[in-house]
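Below: the structure, in structure tokens.
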Amino acid sequence: MPSFNVRLKNRQEIAAATMAFLLQKPANFQFKAGQTIDMTLIDPPETDGEGNTRTFTIASPPHASELAVATRMRDTAFKRTLRKLALGAEIKIDGPFGDFTLSATSTRPAAFLAGGIGITPFRSIILDATRQKVSRRLFLFYSNRRPEDAAFLEELEGTRKENPNYQLVATMTGPEKSRAWSGPTGYINQKMLADALGSLSGPIYYLAGPPGMVAAMRQMLATAGVSDDDIRTEEFAGYE
Ligand SMILES: Cc1cc2nc3c(=O)[nH]c(=O)nc-3n(C[C@H](O)[C@H](O)[C@H](O)COP(=O)(O)OP(=O)(O)OC[C@H]3O[C@@H](n4cnc5c(N)ncnc54)[C@H](O)[C@@H]3O)c2cc1C
């Protein structure tokens, strides 16, 4: 698999304790929306038991001029280093990897269930499908504790105006600790899905987020009678 040294072009706080990092996109770097890269810090000043490499989903769509990743900024050696890395410094990337992508042949609706930072593959997929004018129906169910934790939320809301085939249901599991939120609350559940989708057996489901969230959503879908064959998952190992 190809390996590249690329420059850090920019970084930006995009939600509470959540940053996006923009990386130079190597010439001829091709990937499908939903794929990942492995990022390795080069000679970092500190390291820990998890080493100098992490897997991140490419949060930007293939047509973007740079590669974006977005992550929760926890207090680990890797992320302390990343937060302070000088703009223009080099990072090694390997990839792209993974098959958590939208099939080009299926016409069935896609239901994306994102927990927190699990939004990254869906941002790439939705921006890509919007640009390509894909006629497939796309439903995004996006769960966070509070609105301020929800990376890319405004952009994902705004994209509805550009893509008539795309719907967004954002829900907050702990909005009482937060700024005003008048939308849905609580975990993504069968009723929330049915209200938007009608029949739960129509779509292909894509689940992404911390392993515990992915397991809970898979269980919820199984209880609702959704076939395992209609469920794709991406577990963000490293989060609880
Ligand atoms: C296919 C795939 C795609 C992924 N895509 C993304 C992505 O787009 N964005 C993203 O952010 N991550 C993504 N991840 C997860 C990412 O690779 C890291 O594991 C994650 O960001 C955690 O890294 P870390 O440095 O914070 O913690 P690590 O140092 O990797 O933590 C290791 C362990 O320490 C514990 N830990 C560390 N810090 C804390 C803390 N503050 N609180 C509680 N426990 C802690 C955790 O339990 C964890 O098990 C992806 C993973 C996979 C496998």
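Since the model is a prediction, treat every value here as computed from it, not as a measurement. Remember, it's 1-based here, ligands and their atoms both numbered in the order they're listed.
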Worksheet item: Got a second to check how far T71's OG1 is from M19's CE, nearest 0.5 Å?
Response: 10.5 Å
Practice prompt. For E155, enumerate each residue passing the salt bridge (Lys or Arg N to Asp or Glu O under 4.0 Å) test, keeping only those at least two apart in sequence or located in another chain.
Written response: R123
Worksheet item: How would you list all residue pairs meeting side-chain hydrogen bond (donor to acceptor under 3.5 Å, both in side chains) that involve residues 23-45, not counting sequence neighbours?
Response: D38-T55, T40-T53
Fill in: Any F112 side-chain heavy atom under 4.5 Å of L102 side chain
yes
Would you tabulate the polar-atom pairs, meaning N/O of ligand 1 against N/O of the protein, with distances under 3.5 Å, reported to 0.1 Å?
from: ligand 1; atom 1: 5 (N); to: T57; atom 2: N; distance (Å): 3.2
from: ligand 1; atom 1: 5 (N); to: T57; atom 2: OG1; distance (Å): 3.1
from: ligand 1; atom 1: 8 (O); to: T57; atom 2: N; distance (Å): 3.2
from: ligand 1; atom 1: 8 (O); to: T120; atom 2: OG1; distance (Å): 2.9
from: ligand 1; atom 1: 9 (N); to: A70; atom 2: O; distance (Å): 2.9
from: ligand 1; atom 1: 11 (O); to: T71; atom 2: OG1; distance (Å): 2.6
from: ligand 1; atom 1: 11 (O); to: Y239; atom 2: OH; distance (Å): 2.6
from: ligand 1; atom 1: 14 (N); to: T55; atom 2: O; distance (Å): 3.2
from: ligand 1; atom 1: 17 (O); to: T55; atom 2: N; distance (Å): 3.3
from: ligand 1; atom 1: 17 (O); to: T55; atom 2: O; distance (Å): 2.6
from: ligand 1; atom 1: 19 (O); to: A237; atom 2: O; distance (Å): 2.8
from: ligand 1; atom 1: 21 (O); to: K79; atom 2: NZ; distance (Å): 2.8
from: ligand 1; atom 1: 21 (O); to: Y239; atom 2: OH; distance (Å): 3.0
from: ligand 1; atom 1: 23 (O); to: K79; atom 2: NZ; distance (Å): 3.4
from: ligand 1; atom 1: 25 (O); to: R54; atom 2: NE; distance (Å): 3.0
from: ligand 1; atom 1: 25 (O); to: R54; atom 2: NH2; distance (Å): 3.3
from: ligand 1; atom 1: 25 (O); to: T76; atom 2: OG1; distance (Å): 2.8
from: ligand 1; atom 1: 26 (O); to: R74; atom 2: NE; distance (Å): 3.0
from: ligand 1; atom 1: 26 (O); to: R74; atom 2: NH2; distance (Å): 3.4
from: ligand 1; atom 1: 26 (O); to: K79; atom 2: NZ; distance (Å): 2.9
from: ligand 1; atom 1: 27 (O); to: R74; atom 2: NH2; distance (Å): 3.1
from: ligand 1; atom 1: 29 (O); to: R54; atom 2: NH2; distance (Å): 2.9
from: ligand 1; atom 1: 30 (O); to: R54; atom 2: NE; distance (Å): 3.1
from: ligand 1; atom 1: 47 (O); to: E240; atom 2: OE2; distance (Å): 2.2

Item to complete: Kindly say whether the aromatic ring centers of F141 and F122 come within a distance under 6.0 Å.
Response: no
Validation: residues 205-217 side-chain donor-acceptor distances under 3.5 Å, sequence neighbours left out:
from: Y205; atom 1: OH; to: L200; atom 2: O; distance (Å): 2.6

